[in-house]
Amino acid sequence: MSLNKSDVEKIAHLARLQIEEADIPLYANNLSNILQLVEQMSAVDTTGVEIMAHPLDAGQRLRADVVTEIDQRALFQSIAPQVEAGLYLVPKVIE
Amino acid sequence: MHNKTIVELSADLRAKKYSSEELTRAFLARVEKFNPQLNALVTLTAEHALAAARSADARIANGTAEPLTGIPIVQKDIFCTLGVKTTCGSKMLDNFIAPYDATTVIKLKEAGTVMLGKANMDEFAMGSSNETSYYGAVRNPWDLSAVPGGSSGGSAAVVAARLAPAATGTDTGGSIRQPAALCGITGIKPTYGRVSRYGMIAFASSLDQAGPMARSAEDCAMLLGTMAGFDTLDSTSVDMPVPDYRATLNNSLQGLKIGLPKEYFGDGLDAQVGKVIDGAIKQYRALGAEIVEITLPNTMLSVPTYYVVAPAECSSNLSRFDGVRFGYRCKDPKDLADLYKRSRGEGFGAEVKRRIMIGTYALSAGYYDAYYAKAQQLRRLISEDFKQAFKHVDVIMGPTSPTVAFNLGEKLADPVTMYLSDIYTIAVNLAGLPGMSIPAGFVGQRPVGLQIIGNYFDEARLLNAAHKYQQVTDWHQRVPEGFK
């Protein structure tokens, strides 16, 4: 699998990553090499092999549906780039 | 006193040969003297350390001390530390002061350890050489032109250069074992779920596991006993009692069945590293162990499988870094998309961006089955290999890394070559098994690590096998020239 410039641009957009124009050829080359390594997987027939999502095949542990968190909004917002009146500020989304 | 193990330091503190404050000052002085050439620590917490040392001294005086009370340690900068900068080796978190402590940090704090600072690491733990850190490469104390390994390269260099008796590490594909091998120290990656991941910045959640890095298996046993245990704050934490790892260190190795996977001794292995490993196996034979050749036929598939699973999970985990709630935000974003893209584009380094993109691609519409589902199936086959092997043997041994430490810059331009240097460690993470690396000799002046892999929750047996070897060898006591 070889990726071209527009593939890289599309993936970078999906990942919400700004990639400098000048760096795209290098990323295309590196990512293609990595995908080539990954292609080795296709040599193995895995028909009927169950997927392994958890190393110990454990399920999700559940807890009782009760409130356990305390309000730490002020603490957490103290490290935010921009807040106002308890809200995180971002550029205008809706005109 | 910097050449003493934790066990020795702990006895000296109790015997009042010196105080924790004196010990802490001695290590802080070494950090100040040697860190500029190693770049192993990114944050120093001298004042915190001295305060912690004084309260450790009070505990020793009033009889409430535990074995680790008063022992200086360094935390890998992936662990959140309340009120102390936690960068994960990234510009993205260069301004991040964690609002809470990781569970491992709390446990080590409560045991009375004294944190000297935070260790440098590959950015978001993605790397095998510690060269992807935003704060620059770490140098290997055995040879300053060599890498220390990664991603816990700062932690390994700290212990090897005797800047602290121990450090914490994390291991997603070999990040404790490979730097331990390359720096000539002892490190253990426990079974997945043994140590809480809460407050440990996530890279690949189904693979990440924390563990101790120290000078000896006995010291690792002490540390792991404190770090391990059930934690309701980590949904994958395993609710099983923690054994006393020190109690079984001296068990006889008579009749211990050691499996040598033929795939770990093939073409890719450096001949001189192979010779050192053969020597270590001979030593185990002399200790009464029985050597059995085994096969792990899917070993070669572990690197490709890993480079789907880990990037896929990383692309999801790292989506939280968006420039909105914490961490780096770009200047003057023109709209929300620009805020996300530039904050992430400017905040992450090249290797992190590569992995996020590979993961994004593998999870994108139309590719999921060919990549992620396929990799999860291969993961099953890789883990079945180990299951079969452990029907016949008690532990598996082989080299930790196919070569000794490579030179700084040697593999940086070629990600795939760098990835292949983790060929012997990655399968252990995919299977979720415990593994450790212990010093077994040298090629030239660069150390070689012996890897010991165990069955699930068999950490005590790994530590026992490592300890018995360290009782009859002195590789783990060697100190790099210039740091004596």
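These numbers come from the heavy atoms of this one structure, side chains and all, not from hydrogens, waters or symmetry mates. Residue numbers start from 1 in every chain, and the chains themselves are labelled A, B, ... in the order their sequence lines are given, proteins ahead of strands.
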### Message
I want to check something: taking the side chain as every heavy atom from C-beta on, are Met300(B) and Gln40(A) in contact at a cut-off of under 4.5 Å?
### Response
no
### Message
Need one label for Ala375(B): side chain, backbone, both or neither, based on atoms under 4.5 Å from any heavy atom in chain A.
### Response
both
### Message
Rounded at 0.5 Å granularity, tell me how far OH in Tyr419(B) sits from CG in Leu37(A).
### Response
9.0 Å
### Interface residues of residues 61-75 of chain A facing chain B - heavy atom cut-off under 4.5 Å
Arg61(A), Leu75(A)
### Task
Select one option (side chain, backbone, both, neither) describing which atoms of Asp234(B) are under 4.5 Å from chain A's heavy atoms.
backbone
### Query
Which of the residues Ile356(B), Ile358(B), Asp239(B), Asp338(B) is involved in the greatest number of heavy-atom pairs with chain A at under 4.5 angstrom?
Ile358(B)
### Query
Picking from Gly323(B), Ser235(B), Gly345(B), Ala370(B), which has the most non-hydrogen pairs under 4.5 angstrom with chain A?
Ser235(B)
### Task
Name the region of Val93(A), side chain, backbone, both or neither, that has any atom closer than 4.5 Å to a heavy atom of chain B.
side chain
### Query
Asn30(A) and side chain to side chain contact (heavy atoms under 4.5 Å, CB included): which partner among Glu351(B), Lys353(B), Arg354(B)?
Arg354(B)
### Task
Side chain from CB out, backbone as N, CA, C, O: work out which of these in Glu50(A) comes under 4.5 Å of a heavy atom of chain B, or both, or neither.
both
### Message
Once rounded to the nearest 0.5 Å, what's the spacing between atom CE of Met52(A) and atom CG of Leu430(B)?
### Response
8.0 Å
#### Entry: Contacting moiety of Ser206(B), where chain A heavy atoms sit under 4.5 Å
both
### Message
What's the separation between atom OH in Tyr361(B) and atom CD1 in Ile34(A), rounded to the nearest 0.5 Å?
### Response
12.5 Å
### Task
Would you indicate whether the side-chain heavy atoms of Ile51(A) and Tyr372(B) approach each other to under 4.5 Å?
no
### Task
Heavy-atom pairs under 4.5 Å with chain A are the metric here; pick the option from Tyr100(B), Phe230(B), Phe96(B) that has the most.
Phe230(B)
### Task
Please list, in residue-number order, every residue in residues 307-316 of chain B that has a heavy atom less than 4.5 Å from any heavy atom of chain A; write 'none' if there are none.
Tyr307(B), Val308(B)
### Query
More than 12 heavy atoms of other residues, nucleotides or ligands under 6.0 Å from OH of Tyr367(B): is that the case?
no
### Task
Check whether more than 12 heavy atoms from other residues, nucleotides or ligands sit under 6.0 Å from atom NZ of Lys10(A), and answer yes or no.
no
### Message
Using heavy-atom distances under 4.5 Å, tell me whether Phe326(B) contacts chain A through its side chain, its backbone, both, or neither.
### Response
both
### Query
Under 3.5 Å, is there a donor-acceptor pair between the side chain of Gln377(B) and the main chain of Thr46(A)?
yes
### Query
Is there a donor-acceptor contact under 3.5 Å linking the side chains of Ser42(A) and Lys374(B)?
no
### Message
Please classify the contact of Leu3(A) with chain B as side chain, backbone, both or neither, using a heavy-atom distance under 4.5 Å.
### Response
side chain
### Message
Checking the side chain of Arg325(B) only, and the main-chain atoms of Phe76(A) only, is there a donor and an acceptor separated by less than 3.5 Å?
### Response
no
### Query
To the nearest 0.5 Å, what is the distance between CZ (Arg16(A)) and CG (Leu336(B))?
9.0 Å
### Pair Glu384(B)-Val49(A), side chain to side chain contact (heavy atoms under 4.5 Å, CB included): steps then yes or no
CA-CA 11 Å; Glu384(B) 287 296 327; Val49(A) 177; over 6 Å; no
### Summary
Taken to the nearest 0.5 Å, the spacing of Thr236(B) OG1 from Gln60(A) CD works out to 8.5 Å
### Message
Less than 4.5 Å apart, side chain to side chain, heavy atoms only: is that true for Leu56(A) and Thr191(B)?
### Response
yes
#### Entry: Interchain contact, Ile79(A) with chain B, by part (heavy-atom threshold 4.5 Å)
both
### Message
Side chains of Met357(B) and Ile19(A), heavy atoms from C-beta outward: is any pair under 4.5 Å?
### Response
yes
### Message
Counting heavy-atom pairs closer than 4.5 Å to chain A, which one of Ala373(B), Ser237(B), Gly347(B), Ser205(B) comes out on top?
### Response
Ser237(B)
### Task
Name the option with the most non-hydrogen atom pairs under 4.5 Å to chain B; the candidates are Val8(A), Leu31(A), Asn33(A), Leu14(A).
Leu31(A)
### Query
Under a 4.5 Å heavy-atom cut-off, does chain B meet the side chain of Ala58(A), its backbone, both or neither?
neither
### Toward chain B, the part of Glu39(A) with a non-hydrogen atom under 4.5 Å
side chain
